[in-house]
Amino acid sequence: MITATASIPESAQERMVAPSRFGDVIFRWLTLVMAFSVLVLVILVGWQLWRNSSLAIHKFGFHFLNTSKWDPVAEEFGALPFIYGTLISSLIALVIAVPLSIATAVFLTELAPMWIRQPLVSLIEMLAAIPSVILGLWGVFVMVPFLRLAVFPWLKKTLGFLPLFTGPIYGVSMLAGGIIVAIMILPIITSVSREILRSVPDLQREAAYGLGATRWEVTRIAVLSYAKNGLFGAVVLGLGRALGETMAVTMVIGNTPQIVASLFAPGYTLASVIANEFTEATTDVYLSALFEVGLVLFGVTIAVNLIAQLLVKTFVNTSAGAVQ
Amino acid sequence: MKNVMEHESTISADTAALHAMTDAEQSPAIAFEVNDLSVWYGQKQTIFNTTIDIPAQSVTAIIGPSGCGKSTFLRCLNRMHELVPTARHEGSIRLFGEDLYAPKIDPCVVRRRIGMVFQKSNPFPTMSIAENVIVGLRLNGVRDRAYLDERMEKALRMAALWDEVKNDLNRPGISLSGGQQQRLCIARAVAVEPEIILMDEPCSALDPIATAKVEELIYELKKQYTIVIVTHNMQQAGRCSDYTAFFYLGRLIEFAKTEKIFTNPSQKQTEDYITGRFG
C-alpha cells in the first residue's frame with residue numbers, strides 16, 4: 001500500500017520528463033550548420049574574389065570604378081562601361097518585365113477562368129526552363145534581325161526626339177540585351193507574384209466585393225495594396241537575376257565597352273566581359289582585373305538587394321501599416 | 001456625389017414611411033421576397049426550394065447547425081455566392097419588389113445597396129481607420145473631402161467606435177483590437193448607407209464584451225436598417241432579433257417571430273435544435 005502510493009508520484013515525475021532531447025539537439029545543430037553554411041559560402045566567394053583581384057585593386061585603386069578605358073594590351077582597365085551596361089540592361093529588363101509579370105499574375109489569380117489557369121502557369125514555368133544559351137541563339141537569329149528591321153526603325157521614327165532612341169541601328173544593342181533579360185526574368189517575377197497574390201486572404205476580396213467593388217476595384221483596393229510588399233520582393237528577386245544574367249545577354253548586347261545615351265548602341269555588362277575574356281587573360285594584371293569585375297558585380301548585386309530591402313522597410317511599411 | 005445625395009433622400013423618405021407603418025402596428029413591409037430558391041455549388045445542392053419574406057426595419061436571425069446552408073442563403077441575398085465560380089441558383093429574390101437577379105441588374109450595384117459584415121473582421125490593412133470607413137464612398141466616386149469627413153464621423157458614431165478612435169483616425173485599421181476592428185467593418189458597411197445590412201456570424205471571433213457591444217449596435221442599427229444576421233449562438237438570436245429562421249440541411253424548417261420560435265416552435269426539429277437535443 002505504502003509502496004504503491006510512493007510509486008505514483010515517481011512515475012508521474014517520469015512522465016513530466018521529455019522522453020529524449022537527443023533528437024532535438026541534433027536537429028537544432030544540423031539546421032544551424034546548414035543555415036550558416038550559406039553565409040559562409042557567400043563570405044568565402046567574396047573573400048576569394050577580393051584576394052584574386054588584389055593586384056588590380058592595388059594598381060588601379062578607385063580609378064577602376066570610374067574610368068572607361070579597357071585596354072588589355074596597354075594593361076589599362078576601367079570597369080565603368082560594364083557597370084553602366086549591367087545597370088542599364090537590368091533597368092530596361094525591369095521596365096519591360098515588371099508590368100508584364102504583375103499583370104500576368106493578376107490575370108492568373110483574379111481574372112482567368114479556372115480551366116485556363118494551370119496550363120498558363122505550366123507554360124510560364126516552361127519559359128523558365130529554357131536554357132540561357134538557347135534563348136541567346138533565338139535572340140541572335142530571330143529577335144535581333146526583327147528588332148533591326150522592324151522595331152528599332154519604328155522607335156526611331158516615333159520616339160527619335162529622345163536621345164535614347166537616336167544613332168545608327170546595328171541590331172545588337174543595349175536595348176536588345178535588356179529585352180532578352182526581360183524575357184529571362186519574366187517567369188520568376190510572374191510565379192513569385194502569383195504566389196503572393198494567391199496568399200491574399202479571400203476575406204480581403206470579399207470585403208471589397210461586399211462594398212460593391214468591381215473586379216478591377218477589388219484587385220486595386222484589396223489585392224494589390226495588400227500584396228505590395230511581397231510584389232516589391234518579387235521585383236527585387238527578378239532584379240537580382242537580371243544583374244547576373246550572362247549567356248543570352250552576351251550574345252545580343254554587342255560587347256562594346258562604351259557609355260552612350262542611345263539604347264540602339266551596343267553595350268557590355270560585367271558578367272559578359274568575364275565570360276568573354278577570361279580565357280584570353282594571359283597576364284596576371286588582366287586576370288586580376290577580371291576578378292575585380294567579378295567583385296564589382298558581386299558588390300553591385302548585394303548593394304542593390306540591400307537598398308531594395310531598405311526601401312521596403314522605410315517606405316512601404318510605414319505608409320501601409322504592418323501587413324500581417 | 002449628386003447620386004449619393006439623391007439616394008440618401010429617397011431612403012429617408014422610405015424610412016419615414018416605414019416608421020409610420022410600424023407605429024400604426026400594421027404588418028411590416030417586406031424587404032426580401034425569396035421565392036422557391038435553390039442553390040448548387042457544382043453538383044452539390046446546398047439550398048432547397050426556400051420561400052421566405054424577410055421584413056424591413058427589423059432584425060432577422062438565421063440559425064441552424066453548421067453546414068445547413070445559412071451562410072449560402074445570406075450570400076444569395078447580395079449575390080456574393082456568385083463569386084464561387086461553380087455556383088448556380090434557381091428561384092427568385094426580390095428586394096422591395098425589384099428582382100435582384102434580373103439580367104439588367106449589376107451585382108456590384110446590388111452589393112452597394114446591401115452591405116455585408118463578415119465572420120472575421122477584415123479591415124483593409126494598408127488603409128488607415130478613416131480610409132477604411134470611407135473606402136466605399138470613394139468607390140462610389142465621392143471626392144469632396146468635407147463631405148467624406150462628415151460621413152466618416154457619422155458612420156463611426158453609428159458603429160459606436162467614434163469616441164474610441166477619434167484621435168487616431170490616421171492609424172492603420174488593423175492596429176485596433178478584434179472587437180474594434182469588427183465595429184470598424186460595420187462602420188465601413190454603414191458608411192455607404194446601404195438599405196440592408198447582412199451579417200455573417202459577426203461575433204463568432206469576438207470575446208463576450210465585444211460581442212455585447214456589437215449586439216447593442218445591432219439594436220441601434222435596427223432603427224434605420226433591415227438586418228439579416230446569421231448566428232451560431234442561439235442566445236444571440238434570442239437577444240437581438242425580431243424574427244428567426246431555422247435552417248436544417250439546406251431547407252427552411254421554420255420562420256416566425258423570435259419569441260414564438262424560442263417559446264412555442266411549431267416544428268419538432270426546431271424545438272429539438274433550440275433545446276439543444278442536436279446541432
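All chains are named by letter (A, B, ...) in the order of the sequence lines, taking the proteins before the strands, and each is independently numbered beginning at 1.
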Atom [atom1] of residue position [X] - does it have more than 12 heavy atoms of other residues, nucleotides or ligands inside 6.0 Å?
X: A/Phe36; atom1: CZ; value: no
X: B/Arg75; atom1: CZ; value: yes
X: B/Lys222; atom1: NZ; value: yes

Q: State, yes or no, whether a side-chain contact exists between B/Phe124 and A/Ser225 at a heavy-atom distance under 4.5 Å.
A: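 Of all side-chain heavy-atom pairs linking A/Ser225 with B/Phe124, none is under 4.5 Å.
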Q. Is there side-chain contact between B/Thr126 and A/Ile221, with at least one heavy-atom pair below 4.5 Å?
A. no
Please output the residues of [range] in contact with chain B, using a heavy-atom cutoff of under 4.5 Å, in numerical order.
range: residues 203-219 of chain A; answer: A/Leu203, A/Gln204, A/Glu206, A/Ala207, A/Ala208, A/Tyr209, A/Gly210, A/Leu211, A/Gly212, A/Ala213, A/Thr214, A/Glu217
range: residues 84-111 of chain A; answer: none
range: residues 177-186 of chain A; answer: none

Which atoms of [X] come close to chain A, meaning under 4.5 Å heavy atom to heavy atom: side chain ones, backbone ones, both, or neither?
X: B/Arg188; value: both
X: B/Leu198; value: neither
X: B/Leu83; value: side chain

Ignoring hydrogens and angles, write down the donor-acceptor pairs under 3.5 Å from the side chains of residues 95-107 of chain B, residues two or more places apart or on other chains.
| residue | atom | partner | partner atom | Å |
| --- | --- | --- | --- | --- |
| B/Glu98 | OE1 | B/Arg113 | NH1 | 3.1 |
| B/Asp99 | OD1 | B/Tyr101 | N | 2.9 |
| B/Tyr101 | OH | B/Cys76 | O | 2.7 |
| B/Asp106 | OD1 | B/Cys108 | N | 2.9 |

